[in-house]
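To keep things clear, I will list the structure first and then write my remarks on it.
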Amino acid sequence: MDCIFCNIIKGDIPSHTIYEDDIAKVFLDINPSTNGDLLVIPKKHIVTLLDMDEETLSHLFKVIKKLMPILQEKLHCEGFTLVQNNGYGQEIKHFHIHLTPRYENDLLSHQFNKDLLKPLDEVFDSIQ
Ligand code: 5GP
Ligand code: ZN
């Protein structure tokens with residue numbers, strides 16, 4: 001299968017792997033937003049959260065919880081932002097959680113188009 005992350009798992013594409021077990025792999029994002037920006041992925045080729053089984057998902061979050069204090073100590077970061085894109089906005093179609101260490105003045109932000117925003121009541125009604 002022509003999947004970059006599956007190829008990283010196989011070792012056909014090199015990566016800066018900081019953690020690995022039978023289910024998960026954690027490596028540095030090639031295009032980091034902050035120092036130590038990581039990708040946490042399942043070894044199984046799963047595309048979005050909708051395809052993900054509870055057991056694997058829970059394992060990925062256990063790994064994240066285990067790594068956070070270690071990263072905090074080693075990188076001296078002040079917090080973490082977790083992002084997980086599905087479908088639109090998802091460049092790599094292999095499930096991944098961005099685990100991004102946060103630092104004062106890192107200026108990390110997500111931009112959005114305020115012109116597209118409808119009144120809250122209207123949005124609430126359409127979700128009902
Ligand atoms: P997405 O936009 O799908 O949520 O994020 C995909 C992420 O994968 C991006 O942050 C991008 O920099 C990262 N990425 C893409 N190709 C590679 C690669 O070959 N190696 C590594 N380490 N990261 C990659
Ligand atoms: Zn894959």
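Whatever order the structure lists them in is the order used to number ligands and atoms, beginning at 1.
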N/O donor-acceptor pair under 3.5 Å between H98 side chain and H96 backbone: no
By atom name, which N, O or S atom of H94 is the nearest to the Zn ion (ligand 2)? ND1
Out of T34, D37, N35, D29, which residue meets the side chain to side chain donor-acceptor pair (under 3.5 Å) rule with T100? D37
Nearest N/O/S atom of H45 with respect to the Zn ion (ligand 2), by atom name, please. ND1
ang(SG C6, the Zn ion (ligand 2), SG C3) rounded to 10° is 120°
Protein N/O near ligand 1 N/O, under 3.5 Å, which pairs?
from     : atom 1 : to  : atom 2 : distance (Å)
ligand 1 : 2 (O)  : G89 : O      : 3.4
ligand 1 : 2 (O)  : E91 : N      : 3.3
ligand 1 : 3 (O)  : E91 : N      : 2.7
ligand 1 : 3 (O)  : I92 : N      : 3.0
ligand 1 : 3 (O)  : H96 : NE2    : 2.9
ligand 1 : 4 (O)  : N85 : ND2    : 2.9
ligand 1 : 4 (O)  : H96 : NE2    : 2.8
ligand 1 : 4 (O)  : H98 : NE2    : 2.8
ligand 1 : 5 (O)  : H96 : NE2    : 3.1
ligand 1 : 5 (O)  : H98 : NE2    : 3.2
ligand 1 : 10 (O) : D29 : OD1    : 3.3
ligand 1 : 10 (O) : D29 : OD2    : 2.5
ligand 1 : 12 (O) : D29 : OD1    : 2.5
ligand 1 : 22 (N) : L28 : O      : 2.9
ligand 1 : 22 (N) : I30 : N      : 3.4
ligand 1 : 23 (N) : I30 : N      : 3.3

According to the interplanar angle, ranging from 0 to 90°, do the rings of F112 and H110 count as parallel (below 30°), tilted (30 to 60°) or perpendicular (above 60°)? tilted
Step-by-step side chain to side chain donor-acceptor pair (under 3.5 Å) determination, Y103 to N105: CA-CA 6 Å; Y103 305 87; N105 301 321; over 6 Å; no
Nearest 0.5 angstrom please: K44 NZ to M52 CE, how far? 8.0 Å
So, the side chain of H16 versus the backbone of I30: is there a donor-acceptor pair under 3.5 Å, distance only? no
Please tabulate, one pair per line, all N/O donor-acceptor pairs under 3.5 Å involving side-chain atoms of residues 81-88, not counting sequence neighbours.
from : atom 1 : to   : atom 2 : distance (Å)
T81  : OG1    : R102 : NH1    : 3.0
Q84  : OE1    : N86  : ND2    : 2.9
Q84  : NE2    : N86  : OD1    : 3.2
N85  : ND2    : G89  : O      : 3.4
N86  : OD1    : L49  : N      : 2.8
N86  : ND2    : Q84  : O      : 3.4

